[in-house]
Amino acid sequence: MNLIYFTIAFLVSLVVCGITYAILKKTKAKQEILEYVTEHSSKSGTPTMGGIGFLLAFVLCSVFSIKNNAELAIFSIVVTCGFGIIGFLDDFIKIKFKRNLGLRAYQKILAQLLISVIVAIYVIKNPLIGGELKIPFTNNSINILGWIFPLVIFIFLSCVNGVNLTDGLDGLASSVTLVYLIFFCLLTYIEIQKLNYNGYSVMAREYENLLILGLIGAGVLTAFLVYNAFPAKMFMGDVGSLALGSLVACLSIFTRMSLYIPILGIVYVISCVSVILQVGFFKVTKGKRIFLMAPYHHHLQEKGLSEPRICMIYTAVTAVLGGVLVAMSAA
């Protein structure tokens, strides 16, 4: 892997995020905190929409870095920007009307669903992707044919909302996604070697560009953590979390590693499932709760764990599972 892409992305993002922070602070684009999240009351007024910074840096670096046979990479950039725009609109409404709720739930879901359907159509018609899926921990794959269509839609909705729900503590979503992208790059590098060995040069070049996007994504997030790590000077907002979720989905789906997401992205799964269980149990039992607060990282916080420790645990879990996947793939 050529780490120059990571380095350049880090430097560009450091500058762009710095400028973004200054602009957001000057324009008072600040986060409103939910009343019931008392632990975060001191964060009220922290600049949000910081995701604009690393998203701009990501697009800028990606456009100048991708090479020939970059159809999958270009489409990934477009989709990532599409979800970023949805997040931007949500954040803008929150700031404009000084409330924690932006777009209505059905508006966000419909917008996310529209882009997800477009991607699903693209996937099912693209011979480089199709219905083939690599099976984790093995060198085998399966072809689910037309079932890839609903799976892609489900993956996108799960990833963008999973990252969004995980973005609840300082540096949590950014550090976890950073580690996810690092191990994605390692897995993709291994896959490229296999493709070249077996003579699939065109697909290998497409994967090389997706690998570049992964390295750039990791670079811009590393720089963003300068502002987002505890105590956060700036939040990424929905513009950042939705963009990151879609990037994770694109890279994994387009390299046929969709089944790796619930393993490498286990903390996203935990965030989504804990909220679903909490809401469902609350309604069925008319007021009782499974967790002290959902998503699960807030439950841990209520139990007395500090934000840095929770972030470290989530990141470590992601790294361990990523290491296992890489080891098994390289075997």
Side-chain angles (χ1 to χ4, degrees), residues 1 3 6 9-10 51 54 58 80 134-137 155-156 158-191 210-211 213-226 228-230 232 235-236 240-253 255 257-275 294-301 303 305-330:
M1 292 188 294
L3 295 180
F6 173 92
F10 170 78
F54 67 71
F58 171 77
T80 298
K134 297 182 180 67
I135 302 175
F137 309 116
I155 289 173
F156 265 93
S158 300
C159 282
V160 296
N161 289 291
V163 175
N164 184 247
L165 288 172
T166 304
D167 183 34
L169 301 179
D170 294 358
L172 185 60
S174 45
S175 59
V176 166
T177 306
L178 167 60
V179 174
Y180 185 106
L181 291 174
I182 289 172
F183 282 98
F184 163 81
C185 290
L186 292 172
L187 289 166
T188 304
Y189 179 78
I190 293 170
E191 190 60 29
L210 292 175
L211 172 59
L213 293 192
L215 289 169
I216 292 173
V220 299
L221 279 180
T222 303
F224 179 68
L225 275 168
V226 172
N228 189 234
F230 182 86
F235 300 141
M236 69 171 66
S241 61
L242 296 190
L244 286 182
S246 63
L247 178 62
V248 165
C250 280
L251 296 179
S252 302
I253 291 171
T255 53
M257 288 192 281
S258 299
L259 298 182
Y260 288 62
I261 296 176
I263 302 171
L264 188 53
I266 185 64
V267 298
Y268 305 144
V269 176
I270 292 172
S271 295
C272 287
V273 172
S274 62
V275 169
Y296 187 66
H297 52 263
H298 286 316
H299 171 80
L300 294 176
Q301 192 176 21
K303 284 287 190 180
L305 273 70
S306 66
E307 291 188 52
R309 176 163 293 189
I310 296 170
C311 185
M312 181 180 67
I313 293 172
Y314 271 46
T315 304
V317 169
T318 304
V320 169
L321 291 175
V324 172
L325 283 171
V326 169
M328 296 297 289
S329 297

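Excluded from the calculations below are hydrogen atoms, water molecules and symmetry mates; all remaining heavy atoms, backbone and side chain alike, are included.
- Heavy atoms only, all atoms of each residue included: Ser246 and Phe156 are closest at O-CE2, 3.8 Å.
- Residues Phe183 and Leu325 fail the side-chain proximity criterion, which asks for heavy atoms closer than 4.5 Å.
- Between Leu244 and Met236 there is a side-chain heavy-atom pair separated by less than 4.5 Å.
- The two atoms that bring Ser174 and Asn228 nearest to each other are OG-OD1, 2.7 Å, heavy atoms only.
- Every residue meeting the side chain to side chain donor-acceptor pair (under 3.5 Å) condition with Thr166, not counting sequence neighbours, appears here in chain and number order: Ser271.
- Considering every non-hydrogen atom in both Gly245 and Cys159, the closest pair reads O-CB, 3.4 Å.
- Looking at Asp167, its side chain never comes within 3.5 Å of a backbone N or O of Ala173 through a donor-acceptor pair.
- With a 4.5 Å cut-off on side-chain heavy atoms, Leu225 and Leu221 do not count as touching.
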Run the side chain to side chain contact (heavy atoms under 4.5 Å, CB included) check on Thr188 and Leu251 step by step: do they pass?
-> CA-CA 9 Å; Thr188 304; Leu251 296 179; over 6 Å; no

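- One distance of note links CD of Glu307 with CE of Met312; it measures 13.5 Å at 0.5 Å rounding.
- Between Val220 and Ala9, the shortest heavy-atom distance links the atoms CG1-O, 3.8 Å.
- Interatomic distance, OG of Ser306 versus CG of Leu169, reported as 9.5 Å (0.5 Å rounding).
- A donor-acceptor pair under 3.5 Å is absent between the side-chain atoms of Lys134 and the main chain of Tyr260, judged by distance alone.
- Here SG of Cys311 is found 5.5 Å from CG of Leu172. Values are rounded to the nearest 0.5 Å.
- Scanning all heavy atoms of the two residues, the minimum distance from Gln301 to Ile310 falls at N-CD1, 3.6 Å.
- The side chain to side chain donor-acceptor pair (under 3.5 Å) with Tyr268 is formed by just one residue from the set Asn164, Asn161, Thr177; it is Thr177.
- Residue-environment remark: OH (Tyr296) stays at or below the threshold of 12 foreign heavy atoms within 6.0 Å.
- When all heavy atoms are compared, the tightest approach of Ser252 to Phe184 is N-CE1, 4.2 Å.
- Rounded to the nearest 0.5 Å, atoms CG (Leu211) and CG (Leu181) are 11.0 Å apart.
- In this structure, the side chains of Leu187 and Val326 come closer than 4.5 Å at one or more pairs of heavy atoms.
- Thr318 contributes atom OG1, which lies 12.5 Å from atom CD1 of Ile263 (distance to the nearest 0.5 angstrom).
- In this structure the side chain of Leu300 reaches within 4.5 angstrom of the side chain of Tyr314, judged on heavy atoms.
- Rounding to the nearest 0.5 angstrom, the gap separating the OH atom in Tyr189 from the CG atom in Leu215 is 11.5 Å.
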